[in-house]
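Just so you know, these numbers use all the heavy atoms, side chains as well, and skip hydrogens, waters and symmetry mates.
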Amino acid sequence: MDVQKEIISLRRELEKHNRLYYVEDAPVISDYEYDMLMQRLKALEAEHPELVTPDSPTQKVGGAALSKFEPVVHQVPLESLTDVFSYDELYAFGERMDAAFGGHQRYSVEPKIDGLSMSLEYENGVFVRGATRGDGITGENVTENLRTVRSLPLHIENAPERFVVRGEVYMSKAVFEELNAQRELRGETLLANPRNAAAGSMRQLDPKVAASRKLDIICFNLQYSSDGKYASHAQSLDAMREMGFPVVPYKCYDNIKDCVERIQWLGENRGELPYDMDGAVIKLDSFSQRSSLGSTAKAPRWAVAFKYPPEKKESRVLDIVVQVGRTGVLTPKAVVEPVRLAGTTVSAATLHNQDNIDRLDLRIGDTVLLQKAGEIIPEVLSVNLSKRPEGTVPYVMPSRCPECGSPVVRDEDGAALRCTSPECPAQRLRNIAHFASREAMDIEGLGISVCESLINSGMVKDASDLYYLDARAVAALERMGDKSAANLMRAIENSKEAGLARLLCAFGIRQVGQKAAKVLASHFTDLGSLMAAGEEELTAISDIGGITAGFIINWFSNPQSIDLIEKLRRAGVSFLSKEERKDDRFAGKVFVLTGTLSSFTRDQAGAIIESFGGKTSSSVSKKTDYVLAGENAGSKLTKAESLGIAIISEAEFEEMIK
């Protein structure tokens with residue numbers, strides 16, 4: 001078979017299986033068979049990079065990191081909806097629609113997914129651009145991040161020349177709970193709800209981070225179609241489903257009463273859905289009727305969003321347990337009698353800290369009011385004092401760590417209680433898991449269960465012991481084996497070259513996360529220079545304040561930290577800063593990109609320019625040094641010519657970046 005034909009065939013087959021797996025939940029091949037198809041496609045594209053296109057399934061892994069998001073003016077505004085909070089308001093909406101067109105009208109009803117609204121643009125069946133809603137008129141270009149969304153088709157069959165769809169990016173409840181479980185084990189602040197998690201993931205400048213978050217999308221509106229052949233909302237959604245889009249589950253009714261009953265049913269069953277919903281939407285189905293009614297300055301007249309009241313239920317506190325996080329912080333949780341709340345069974349609720357317990361005057365045995373409205377993590381709203389049993393006493397957090405028995409101290413800068421022992425077993429597990437995590441040393445295959453096995457076997461007491469493991473001993477662990485052990489040993493060996501920024505993040509120094517670690521690694525060329533720095537030098541660095549500087553100095557002066565560093569040094573772990581920028585050939589130069597590029601997207605070209613110290617701009621001015629002009633370049637090229645600015649072709653640009 002011709003290579004190009006085989007590549008196209010593989011892409012279409014993989015897209016079909018993506019649709020069957022992620023959209024229709026009906027896979028027809030095994031994960032192994034899917035992986036073999038993907039590996040074949042990757043091999044062919046590696047051999048023939050000139051045949052790689054943006055709509056290839058291989059591009060879902062995430063491209064180069066960006067320095068910013070470009071503004072995008074929406075072809076069709078992404079309007080918000082008018083909220084209503086009672087069934088009377090729903091009936092009033094129906095009466096207005098019926099009066100406007102005479103008699104009962106046809107409506108669609110669908111869940112309002114709680115996520116991040118997006119505009120998705122396709123040209124000749126290929127996904128070319130995606131943007132956030134922004135203010136409804138102008139959003140941000142997040143194309144590269146959207147390419148990583150598993151359920152978003154990068155290529156659609158039988159599509160019109162131009163097709164614009166509106167969808168909602170979301171994080172499923174299952175993925176969110178898994179993400180929070182990992183964050184809790186690492187002692188990180190828990191994310192409040194899936195919507196915030198999805199929004200934060202989609203606005204990551206590095207698409208690989210977005211790819212790791214396992215986001216999904218549901219499409220709920222046709223914004224524009226160049227063929228203009230769709231007469232109704234239902235017709236357009238059915239067509240979108242045929243094209244491979246994951247489409248919002250909708251039902252159509254010919255009277256408002258049935259619509260209200262459907263909205264009631266959605267509210268009662270929303271807990272069974274895989275995603276969070278913050279309401280239900282009712283819309284006129286006819287596009288011509290929508291056009292006739294138009295919009296106010298803020299929202300369309302032909303639709304409203306019904307908002308469900310937050311669900312609250314009472315339960316009894318059976319116990320208060322205290323967990324110890326990675327940084328030694330003690331976090332209390334109320335164990336409650338299981339109660340069904342917002343579609344899930346709740347048996348525990350966060351209490352945050354002693355100050356919050358005191359504010360609530362919460363005691364074991366109390367009846368409390370719980371809420372989980374838009375928040376996955378249940379919280380205690382109040383105590384029903386009228387139901388308080390006799391003999392209860394105020395709850396006081398332990399003065400010693402429940403894991404190791406060491407004394408606990410209260411933070412000077414907050415309400416947290418913290419275990420004072422760095423040898424605390426709870427901290428040990430979470431510290432090692434954090435050390436190996438994706439944002440730190442990125443040791444693939446070293447999850448929580450493997451960390452537990454290594455610690456329980458006595459092979460690992462701190463993170464440095466990972467670099468002294470014996471492959472045969474690791475293979476003998478439960479659920480490991482020779483192949484898994486070999487893969488883990490290879491990942492550990494590869495992590496030695498992770499670089500200073502990742503190592504600093506892996507150390508788990510308070511207030512030194514990914515961002516601060518990168519700032520420090522860009523200022524200090526090696527770990528020794530950082531260890532020798534005093535408070536004055538540290539606080540002179542942007543984003544490093546006095547409190548953070550104090551944490552850094554204290555951590556490096558701790559004998560156990562010094563011992564850890566020495567063992568890492570002997571193991572061959574690199575202490576040098578690993579700069580992403582290879583040189584500054586474009587330092588001080590401003591580029592404007594215009595037209596269509598064939599070898600890479602504008603975002604990719606911009607990332608390359610910035611990796612060499614240059615800057616990109618969306619408009620041509622006297623400050624512009626180069627205009628990179630692709631095919632069909634427009635007014636920017638004309639303006640550059642009038643100003644006498646250097647215009648370079650794609651071939652010339654490729655020569656400049658060799």
Side-chain angles (χ1 to χ4, degrees), residues 76-115 117 133 135-137 165-168 218-225 228-241 247-273 275-312 342-343 373-374:
V76 177
L78 269 62
E79 297 177 309
S80 59
L81 293 171
T82 300
D83 292 335
V84 297
F85 300 91
S86 70
Y87 296 135
D88 286 344
E89 290 177 283
L90 286 176
Y91 281 114
F93 167 77
E95 288 171 2
R96 291 196 302 273
M97 298 302 102
D98 292 350
F101 299 104
H104 292 318
Q105 302 306 310
R106 186 170 175 79
Y107 304 94
S108 72
V109 178
E110 59 204 47
K112 187 174 184 294
I113 290 86
D114 197 9
S117 196
R133 179 180 178 275
D135 61 4
I137 304 298
V165 170
R166 185 170 177 181
E168 196 86 359
I218 282 190
C219 299
F220 61 87
N221 208 61
L222 172 62
Q223 298 294 97
Y224 174 80
S225 177
K229 68 178 184 180
Y230 304 108
S232 71
H233 180 59
Q235 185 185 18
S236 68
L237 290 182
D238 290 344
M240 286 159 56
R241 185 182 289 110
V247 172
V248 67
Y250 76 94
K251 286 187 177 293
C252 286
Y253 301 97
D254 292 323
N255 63 83
I256 200 68
K257 180 178 180 293
D258 288 344
C259 293
V260 172
E261 289 179 358
R262 174 65 179 174
I263 289 172
Q264 287 175 315
W265 184 91
L266 283 171
E268 293 166 358
N269 293 274
R270 56 184 169 173
E272 309 307 317
L273 297 173
Y275 41 75
D276 263 6
M277 54 179 279
D278 59 350
V281 181
I282 180 172
K283 309 172 182 176
L284 276 178
D285 186 45
S286 165
F287 282 164
S288 63
Q289 289 180 340
R290 291 184 182 187
S291 179
S292 156
L293 286 178
S295 304
T296 66
K298 296 181 179 180
R301 294 186 177 91
W302 42 263
V304 292
F306 178 80
K307 291 300 188 78
Y308 298 103
E311 189 174 1
K312 303 172 185 178

Looking only at heavy atoms, which two atoms of [X] and [Y] are closest? And how far apart?
X	Y	value
Asp254	Arg106	OD1-NH1, 3.3 Å
Leu237	Cys219	CD2-O, 4.4 Å
Tyr275	Pro111	OH-CG, 3.9 Å
Phe287	Ser236	CZ-OG, 3.7 Å
Ser232	Gln235	OG-N, 3.1 Å

- So Tyr107 and Met97, side-chain contact (heavy atoms from CB on, under 4.5 Å) or not? Walk me through it. CA-CA 10 Å; Tyr107 304 94; Met97 298 302 102; 3.2 Å; yes
Supply the atom-to-atom distance [X] [atom1] to [Y] [atom2], rounded to the nearest 0.5 angstrom.
X	Y	atom1	atom2	result
Ile113	Leu273	CD1	CG	8.0 Å
Lys257	Cys259	NZ	SG	11.0 Å
Phe93	Phe306	CZ	CZ	14.0 Å
Leu90	Ile263	CG	CD1	4.5 Å
Ser292	Phe101	OG	CZ	4.0 Å

- Task: Sort out for me which residue in Lys283, Arg262, Lys251 forms a side chain to side chain donor-acceptor pair (under 3.5 Å) with Glu110.
- Result: Lys283
- Query: Can you name the residues that form a side-chain contact (heavy atoms from CB on, under 4.5 Å) with Glu268, not counting sequence neighbours?
  - Reply: none
- Only counting residues at least two apart or in another chain, list the ones meeting side-chain contact (heavy atoms from CB on, under 4.5 Å) with Asn269. Trp265
Checking [X] side chain against [Y] main chain: does a donor-acceptor pair fall under 3.5 Å?
X	Y	answer
Asp98	Gln105	yes
Arg290	Leu284	yes
Arg301	Leu293	yes

- Can you check whether Asp258 reaches Val109 side chain to side chain, under 4.5 Å on heavy atoms? no
What donor-acceptor contacts under 3.5 angstrom involve side-chain atoms of residues 78-89, with partners at least two apart or in another chain?
residue	atom	partner	partner atom	Å
Glu79	OE1	Ser295	OG	3.2
Glu79	OE2	Ser295	OG	2.8
Ser80	OG	Lys298	O	3.2
Ser86	OG	Glu89	N	3.2
Ser86	OG	Glu89	OE1	3.2
Glu89	OE1	Phe85	N	2.7
Glu89	OE1	Ser86	N	3.1

- State whether Tyr308 and Arg270 meet the cation-pi test: NZ (Lys) or CZ (Arg) under 6.0 Å from the six-membered ring centroid, and within 45° of the perpendicular axis. yes
- What's the verdict on side-chain contact (heavy atoms from CB on, under 4.5 Å) for Asp114 and Glu168, showing C-alpha distance, side-chain angles and the deciding distance? CA-CA 8 Å; Asp114 197 9; Glu168 196 86 359; 5.7 Å; no
- Message: Checking Ser117 against Arg166 for the side chain to side chain donor-acceptor pair (under 3.5 Å) test, could you report, in this order, the C-alpha distance in whole Å, the side-chain angles of both residues, the deciding distance, and whether it holds?
- Response: CA-CA 7 Å; Ser117 196; Arg166 185 170 177 181; 2.9 Å; yes
- Can Tyr230 and Asp238 be counted as having a side-chain donor-acceptor contact under 3.5 angstrom? no
